[in-house]
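Below: one structure in C-alpha cells.
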Amino acid sequence: DIQMTQSPSTLSASVGDRVTITCRASQSISIWLAWYQQKPGKAPKLLIYKASSLESGVPSRFSGSGSGTEFTLTISSLQPDDFATYYCQKYNRYPYTFGQGTKLEIK
Amino acid sequence: EVQLLESGGNLVQSGGSLRLSCAASGFTFNSYAMSWVRQAPGKGLEWVSAISAIGGTIDYADSVKGRFTISRDNSKNMLYLQMNSLRAEDTAVYFCAKARTVTIGGYSMDVWGHGTTVTISS
C-alpha cells in the first residue's frame, strides 16, 4: 500500500505568517490528493481536492500544489481561525490513506 | 441542507459486536459513494471502509478486513458498519463521509458527520 508522510508534524507560526505543509506519497498518485482541516472535537473539513482545487467556501488564502509524489498546502497569511490540524489523503485507489497530520500552533 | 448523522456508538467488551448507522439527508444518497473514517483518541485519521453508490464496490482497511462489513440501504438513505470481533484498538470516534462527486473512481470527502464514539473494554 502507498504510504503518506506529512512534514512537519508540528508547526508554530504567528498570525499573518505564510506557512507550507508538505505531503509525500511513497508512489505516484497523480493529482488524487485532498487536504483537510480538523479542529478539536470536530469533523474534518475538506479544503483542497485534486491537489490544487479549492473547495467551495474555503478562503483563497489556502492553496494546494503538486503531483506525483510531492504535494504542498500553503496558507498565505495565517488567520486566528486557521490554527488546527491538517491532514492530506490520497484517493487514487483504495485504501484512501491519510497522512499522520500536521498540528499548526500559535507561536 | 446536506447532513450526515451517525449513531450506534457504545461501550462494548473486547470480542463483542456493534452496528453503526449513518443517516443521510439533503442529497441524492444513491448517487454517491460513502466511507467510514475513524480517529482513535489523540491520534490521526484512519480510513476504514468504503462502498460505491449502488454497493457494487466495497473495500476495507487491512486493520478491519474480515471483521467489519459496510453496507447501505438506498431506499432508507442509510449507511451501516457492522463491527465484529472488536478489539481495544478499534476504540475511536467513527465518522461517515460522503464522496464529493458522483463520478466513478476515486473521491475526496466533502461532507462528514459529527462522529459516534466506540469504546472497547478489555
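Proteins come first, then strands; the chains are lettered A, B, ... in the order of their sequence lines, and each starts at number 1.
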- prompt: According to a 4.5 Å side-chain heavy-atom criterion applied to Ile, Leu, Val, Met, Phe, Trp and Tyr, with indirect links allowed, do A/Leu78 and A/Leu54 form part of one hydrophobic cluster?
  reply: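 Same hydrophobic cluster.
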
task: With a 4.5 angstrom heavy-atom cut-off, could you sort out which part of B/Phe95 is near chain A: side chain, backbone, both or neither?
output: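 For B/Phe95, the side chain is the part near chain A, not the backbone.
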
query: What option among A/Pro95, A/Pro40, A/Ala34 has the most heavy-atom pairs under 4.5 Å with chain B?
result: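 The residue among A/Pro95, A/Pro40, A/Ala34 with the greatest pair count is A/Pro95.
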
task: Could you check B/Trp112 against A/Tyr36 for side-chain contact (heavy atoms from CB on, under 4.5 Å), going step by step and ending with a plain yes or no?
output: CA-CA 11 Å; B/Trp112 295 63; A/Tyr36 300 87; 3.7 Å; yes

- prompt: Would you say B/Lys65 has more than 12 foreign heavy atoms packed within less than 6.0 Å of its NZ?
  reply: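 More than 12 heavy atoms, drawn from other residues, nucleotides or ligands, come within 6.0 Å of this atom.
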
- prompt: Do the side chains of B/Arg100 and A/Glu55 get nearer than 4.5 Å, heavy atoms only?
  reply: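 The answer is yes, as the side chains (C-beta and beyond) meet within the 4.5 Å cut-off.
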
- request: Please state whether the side chain, the backbone, both or neither of A/Ala43 comes within less than 4.5 Å of a heavy atom of chain B.
  value: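 Answer is both: backbone and side chain atoms of A/Ala43 are under 4.5 Å from chain B.
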
- request: Identify which of A/Gly41, A/Pro44, A/Gly101 forms the greatest number of heavy-atom pairs closer than 4.5 Å to chain B.
  value: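 Max contact count across the listed options: A/Pro44.
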
task: Please assess B/Lys43 against A/Gln100 for the test side-chain contact (heavy atoms from CB on, under 4.5 Å), listing each intermediate value before the final yes or no.
output: CA-CA 8 Å; B/Lys43 303 297 184 182; A/Gln100 81 277 16; over 6 Å; no

task: Measure distances from A/Lys42 to the heavy atoms of chain B and classify the residue's part below 4.5 Å as side chain, backbone, both or neither.
output: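 It is the backbone, since no side chain atom gets that close.
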
message: So for atom CZ, which belongs to A/Arg61, do other residues, nucleotides or ligands contribute more than 12 heavy atoms lying within a distance under 6.0 Å?
response: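 Above 12, so yes.
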
- prompt: With respect to chain A, which residue among B/Gly44, B/Ser108, B/Gly106 yields the maximal number of heavy-atom pairs within a distance under 4.5 Å?
  reply: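 Heavy-atom pair counts peak at B/Ser108.
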
field: Closest approach of B/Trp47 to A/Tyr96 (non-hydrogen atoms, all atoms of both residues)
entry: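 Answer, listing the atom of B/Trp47 first, then A/Tyr96: CB-O, 3.3 Å.
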
task: List for me each residue that meets salt bridge (charged side-chain N to carboxylate O under 4.0 Å, His left out) alongside B/Arg19, sequence neighbours excluded, and say none if there are none.
output: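 None.
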
- prompt: Is it true that A/Ile106 and A/Val19 fall in one hydrophobic cluster, defined by side-chain heavy atoms closer than 4.5 Å?
  reply: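 In one cluster: yes.
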
- request: Heavy atoms only, distances under 4.5 angstrom: which of A/Ile48, A/Leu46, A/Asn92 has the most pairs with chain B? Name it, please.
  value: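 Top option by heavy-atom pairs under 4.5 Å: A/Leu46.
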
message: If hydrophobic clusters are built by linking Ile, Leu, Val, Met, Phe, Trp and Tyr wherever their side-chain heavy atoms come under 4.5 Å apart, do B/Met78 and B/Leu20 end up in the same one?
response: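 No.
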
task: Say whether B/Met109 and B/Ile70 are linked into one hydrophobic cluster, either directly or through other cluster members, by side-chain heavy-atom distances under 4.5 angstrom.
output: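 Hydrophobic grouping puts B/Met109 apart from B/Ile70.
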
query: For the residue pair B/Ala50 and A/Tyr94, what are the closest heavy atoms and their distance?
result: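 Reported closest heavy-atom pair: CB-OH, 3.4 Å.
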
field: Interface residue of largest heavy-atom contact number with chain A, from B/Leu45, B/Val111, B/Asp110, B/Val37, under 4.5 Å
entry: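 Answer, by heavy-atom pair count under 4.5 Å with chain A: B/Leu45.
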
task: Of all the heavy-atom pairs spanning B/Gln39 and A/Tyr87, show the shortest one and how long it is.
output: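 The answer is NE2-OH, 3.4 Å.
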
message: Within a 6.0 Å radius of atom CD on B/Gln13, are there more than 12 heavy atoms belonging to other residues, nucleotides or ligands?
response: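 Not more than 12 within 6.0 Å, no.
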
task: Return yes when atom CG of B/Leu11 has more than 12 non-hydrogen atoms of other residues, nucleotides or ligands closer than 6.0 Å, and no otherwise.
output: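 Yes, because the 6.0 Å sphere around CG of B/Leu11 holds more than 12 heavy atoms from other groups.
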
